[in-house]
Amino acid sequence: MEQKTTADDGVEVTAGYDDKAARRRQSAFARRKSSAVVEEAAAIVEASTLNDADRRLAEMGYAQVYKREFSWLSTFSFALSVSGLFASVSTTFIYPYEAGGASSAVWSWLISGFGCYCIALSVAELVSAYPTSGGLYFTCKYLAPTNWVPEISWLCGWLNLIGQIAGAASTEYGCAQLLLAAVSMAGDFNGYVPTDRQTVGVMAAFVVLHGSLNSLNTAALEKMTKTYVIFHIAVLFSCCVALLAMCDYKHTSSYTWTTVVNNSGWSPTGWSFLFGFLSASWTMTDYDATAHIAEEIKDPEIKAPWSIALALGFTWIGGWLFTIVLAYCSGDPTHTLGNVVDQPVAQIFYDVIGRNGGIFFTVAACFVLNFTAMTAIQAGARTIWAYSRDEMLPLSRVWYKIDRRTDTPIYAVWLFATCCVLINLIGLGSYTAISAIFNLTAIALDWSYCIPIICKVLYGKFERGPFHLGWASLPINIWAVCWTSFVTIIYVMPTIRPVTPQNMNYVVVLMAAVAIFAVGYWYAAGRYYYIGPRVKAQLIMGVAGEEGKVDSSGGSSDEKRDPTAVP
């Protein structure tokens, strides 16, 4: 069906649209909630005044708001900082080491890292085609069946947001753990042992620090971010050299690569071995964080996906090599796992390098993880802002505001930071419940990526961008989904037996809460006002008064605007 509409410059445009989808959008518009963004006409932008990145954004239905400050170095550094390789391995090494000893750590990183890298490549391909602050959530507009875009993007969006909050919260908690582990190490682990309250208190202080830094403008964030990559790689390399050079009791290669030491209580040992996948899966996640700053990157369709691919490739191989070093230098498993602050890597540092060296590298890991937390909050705030632009969240008009002094979404920053503190308060009652947040991060984020990947494979609507996987795209996409389905089973299982209230994996409870909230909120309110990613800009080809065309569908340039769509 076709309908004619007239643009503000008087140019008449014929647009094709789906009758059923149009009626649905009209109905949703009529029942809009008052908490939504104040309704306003789509911005009219002239194509000749835009650079390529801003023009592509306008073609997808959005006007440029942020300043594009991120260069190649800062974008790659941002993508690498999200994984926090050195610190993330340091805080999650306990999972494979407890599950099967040194060999589990080594082989689990290699195997799990490959599966995670397939997800990262799949994400990078989608980001190149649709570079917006909405990330993978936004791609549902182009990949899913038109009539199901609201439901699918709603589910994908909430999974991604919850995963980001859980990821940032667990990162902040890890910062506190590492800092307090260094303090305990200063007393040779015989004096001070941090309490849950102290850990939560230090975590909250870190959140305030990172929220304050994210309240600065994009130029300041870019300058801080690009310094990270040099420091991170230098610390990682120097730590590996120091451990190998100073360890006098390195395990043999036979022990490191073939001996399984099951400290989890699970039987058979092969099943216990699989829990080692958790370390790599938590470290190599949040792949689309770089996509959420796409509107702050110069040439995002090239720099964002390549940064994701290169940074995650480095994380996979670098994390594996670092894990091998830790495995050779890990000493007796009973002694290493008996660390009073539940940080076996801190114990390895202490045993091999000594107290002063151990404190240095533990503090360095804390510093690295601080960068991870800072970038996670930046990505999370941009996610909240992008969702509010599409009127997906309650009080969207508040979170959508841009501070005039910094040109950044400060309200969204502090909403995200507050959520991180609130979710970590469960650490006051149970450290085991905090551990479940690590698993929730990987489950929620990975499935928020798999939803658009599945749509891409099933419906064939994908139009690739400058970065693409060519003939390998389909097998990589399929393996990414299969791998996620497999490791999800591992994520929800308790890692220690016998299972008690103290070691139960409560991620099932958290996932049920997320599902109930997302589905319940959809039926209670979301379906009445949310219509999927919106059109906020009309791209004018030519100048007013001359013959031209309007493209504001939020899609490729050959898609015309649905005249019934809410701007």
**OP:** Using the ring pair (Phe, Tyr, Trp, His ring centres under 6.0 Å) rule, take Trp107 and Trp257 through it: C-alpha gap first, then chi angles, then the decisive distance, then the call.
**Re:** CA-CA 8 Å; Trp107 288 109; Trp257 293 84; 5.4 Å; yes
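Between Trp316 and Phe114, the ring planes are tilted. Angles from 30° to 60° get that label.
In the model, Ser215 has a side-chain atom that pairs as donor or acceptor with a side-chain atom of Trp414 under 3.5 Å. Judged by distance alone, the side chains of Ser122 and Tyr449 never bring a donor and an acceptor atom under 3.5 Å apart. Side chains of His210 and Gln378: no donor on one and acceptor on the other come within 3.5 Å. Side-chain N/O atoms of Asp446 and Thr484 include no donor and acceptor closer than 3.5 Å. For Thr91 and Gln343, the side-chain atoms include no donor-acceptor pair closer than 3.5 Å. In summary, the side chains of Lys456 and Ser473 do present a donor paired with an acceptor at a separation below 3.5 Å, with no hydrogens or angles considered. A donor-acceptor pair shorter than 3.5 Å can be found between the side chains of Ser281 and Ser112. Checked by atom type, the side-chain pair Ser81/Thr375 shows a donor-acceptor distance below 3.5 Å. Residues Tyr328 and Ser253 have side chains that bring a donor and an acceptor to within less than 3.5 angstrom of each other.
Residues Trp447 and Ser485 are in side-chain contact: their nearest non-hydrogen atoms beyond the backbone lie under 4.5 Å apart. A 4.5 Å side-chain heavy-atom check between Tyr192 and Gln198 finds at least one atom pair inside the cut-off. Phe273 places a side-chain heavy atom less than 4.5 Å from the side chain of Ser108. No side-chain heavy atom of Ser88 sits less than 4.5 Å from a side-chain heavy atom of Ser83.
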